[in-house]
There are 2 protein chains.
Amino acid sequence: MAVHGARSRSGGRPTLEEVAARAGVGRGTVSRVINGSPRVSDATRAAVEAAVAELGYVPNTAARALAANRTDAIALVVPEPETRFFAEPYFSDMLRGVGAALSETEMQLLLIFAGSDRERARLAQYLAAHRVDGVLLVSVHADDPLPDLLAQLEIPAVISGRRSADETLPSVDSDNFGGGRFAVEHLIAQGRRTIAHLAGRLDVFGAQRRVDGYRAALREAGHEVDERLVVAGDFTEEGGRRAMKELLAVRPDLDAVFAGSDVMAAGARQVLREAGRRIPDDVALVGYDDSAIARHMDPPLTSVRQPIEDMGRAMLDLLMDEIADRRPAASRGLERRQLVLPTELVARQSS
Amino acid sequence: MAVHGARSRSGGRPTLEEVAARAGVGRGTVSRVINGSPRVSDATRAAVEAAVAELGYVPNTAARALAANRTDAIALVVPEPETRFFAEPYFSDMLRGVGAALSETEMQLLLIFAGSDRERARLAQYLAAHRVDGVLLVSVHADDPLPDLLAQLEIPAVISGRRSADETLPSVDSDNFGGGRFAVEHLIAQGRRTIAHLAGRLDVFGAQRRVDGYRAALREAGHEVDERLVVAGDFTEEGGRRAMKELLAVRPDLDAVFAGSDVMAAGARQVLREAGRRIPDDVALVGYDDSAIARHMDPPLTSVRQPIEDMGRAMLDLLMDEIADRRPAASRGLERRQLVLPTELVARQSS
DNA sequence: ATCACCTGTGGGAGCGCTCCCACAGTACCT
DNA sequence: AGGTACTGTGGGAGCGCTCCCACAGGTGAT
């Protein structure tokens, strides 16, 4: 038994018990001080804090998680093939926002990719094991089974964007409708008459809303909406090229293009240039996302900016609320749990 | 005591004990099966596996961590203000490599930013609490105290790049010397005579090595090295502009520029264009990193590519080895623990 | 003085695993 | 026949916390 008593497997780190002995109090009292309980006298608290400092005590997370049945960790789940995700600043900005908000808490962040089937299976294991207290879901498609899995496991989750107009999960979205409208209003104000729209994937709700905004702006300005001017790309550069060629074939007289992403705008620019159209002289071009590509394009691309960092921050705040208020979910409405943040136009030389 | 017996705080998830009862074996045997011990008969193993499947058993990570004193988690620590990091594809590619390698293990990945002092303090807490089994260090400066802290806490770590020629940590680097040399050899092959170098921060070892490669290529080709042609930037666009102006003032006859990063090349391009130099006709331009910016620049930028994804993968492999082989560190040499991966030139229209 | 009720505190029990000792059973030697 | 050495198995002890019950000592009403 001496063997057991002496093994000290945790690398000699002090335990609660040792802190308690040092401070001359009981284990429970130290626990109370560590966890900020008010039911401790000032003198005792000071003594414990001194002992903690002297010993360099740091709580053992695993023991705490086991005893309290929580993990103090949340996951940011990216259900995309990672490639697309990193191509745009969307992800990094969001991560920055989350990170900033996170640093005000004791939570830690796990980054989980769930692009491949294999990664999906791993994720399901993680969640089933309740290794996180909550989940941030980024860029989820309408038919993704993940939200259902989360609901079934009763794991709090917040989604970025909405899957449809009647999203059921707590969510943080940006004003895609407004973004589309701003872009088109701007082009109209510049005197453009024939404005095309390179839409994103229409099964993405946000992309759909941008189209709605495009149409609304045209109508409000008294322009008629020619549906041939709306061609769906798939958010990629190649998709942008393809759609732009189609557009040019159908309406060679167009004098402005609003693309649903900067990457698609980059594809469109190539095609326009090859067709001998000057930007912005012959055709004005507006992108979406305000990414690095927009700033470095030639000419620099006018683009619609979403406050992605703020969205990340807001998502974390919402999630923390979800985790904290574990009352029966039905007792609260969705009103306060769905945010829509504003978008803005960043004008550059392409329009 | 009925109260305690019935509380089932883990949300009704099955425990090892329950699996054991179901399979008609002891706790230890189930543990052996779960952990892949060979000391279990085939029949028993099958019975346990059946019970695991029927019950949907998933091990409790916290309990395992507590009992075994390991966490099955590693951290990717980014000691940079996040901003710079995401601006380049470096980070995302590395993360992709790490992620790919990770999916072959049971480990989970924590992403930790340690840019601000506040974040640093948090990180120190994490590490002191041994919340991870190992650390991947990305983009560490020569004078960073982090590696020492890690060594002191005896936490395995692998670093990307080297802090100096005699790096002590296990590391994965790319061939910066070769990269610099390829760029300059390429320019010489194109018939360029006066080749300038926009260097990065010279306190970054990799940037220094690129300069060495630049000099070596010139010498090997019998060119003389004019030190006025080497100006240090700071990896930023603004730094690129500043350095390019300086270069143009000192040697207006230059006909090629090798920039230590694509972002600096973008800055240089602006200045060159303002000075009326055509690219590549008057001045050839080569960047470094082969980032998205390179592909979208006008004209598309020739750039040196590092196999960053492979580096990420290699870093994880090394780290797993470090975690596994916990023999006295002195018993192994550094030879097998420092990798240098090749770089290659991606030629485009700017040269 | 008696009771009720606070505040502050100590410590037992338990979280779900892993580790390891003990031991039954079998196989192979001398 | 008796040893020796495996292989496979069960289960006690323990990891370091949190939760919560028990209780001491004080305060104020009766």
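Sequence lines set the chain letters: A, B, ... in the order given, protein chains first and strands last, and positions in each chain run from 1.
When each of P38(A) and A63(A) is assigned the nucleotide of DNA chain C with its nearest heavy atom, P38(A) is the one assigned upstream, toward the 5' end. Nearest-nucleotide mapping onto DNA chain D: of R39(B) and R32(A), the residue sitting toward the 5' end is R39(B).
Atoms CG (N69(A)) and P (dC17(C)) sit 12 Å apart, rounded to a whole Å. In this structure, CZ of R131(A) is placed 14 Å from C1' of dC17(C), rounded to the nearest angstrom. Residue N35(A) contributes atom CG, which lies 10 Å from atom P of dC17(D) at whole-angstrom precision. One can place CG of L66(A) at 13 Å from P of dC15(D), the figure rounded to the nearest angstrom. R13(A) has its CZ atom 12 Å from the C1' atom of dC17(D), to the nearest Å. Between L16(B) atom CG and dG11(D) atom P there is a gap of 14 Å when expressed in whole angstrom units. To the nearest angstrom, P of dT18(D) lies 10 Å from CG of D72(A). Following rounding to the nearest Å, R70(A) (CZ) and dG16(C) (P) show an atom-to-atom distance of 16 Å.
Residue-environment remark: CD (E54(B)) exceeds the threshold of 12 foreign heavy atoms within 6.0 Å.
Considering D143(B), L169(B), L137(B) as possible partners of R163(B), the one that fulfils the side-chain contact (heavy atoms from CB on, under 4.5 Å) test is L169(B).
Residue contacts shown for R64(A) are limited to sugar-phosphate atoms, with no base heavy atom under 4.0 Å away.
The backbone N or O of V158(A) lies less than 3.5 Å from no partner atom in the side chain of R337(A), so there is not a single donor-acceptor pair.
When distances are taken from the side chain of R27(B) to each of dG8(D), dC17(C), dC17(D), the shortest belongs to dC17(C). When the nucleotides dT9(D), dT9(C), dT18(C) are ranked by their closest atom to the side chain of T44(A), dT9(C) comes out on top. Nearest to the side-chain atoms of S41(B) among the listed nucleotides dC17(C), dG8(D), dC17(D) stands dG8(D). Closest approach to the A67(A) side chain among dG14(C), dG8(D), dG8(C) is made by dG14(C) (side chain taken as heavy atoms from C-beta onward). Each of dT18(D), dC17(D), dT18(C) was ranked by its minimum atom distance to the side chain of S31(B); first place goes to dT18(C).
Salt-bridge annotation for D93(B) and R96(B): present, with a side-chain N of the basic residue lying under 4.0 Å from a carboxylate O of the acidic one.
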Take D133(B) and D72(B) through the test side chain to side chain contact (heavy atoms under 4.5 Å, CB included) and record every step on the way to the result.
CA-CA 6 Å; D133(B) 293 338; D72(B) 291 330; 4.2 Å; yes
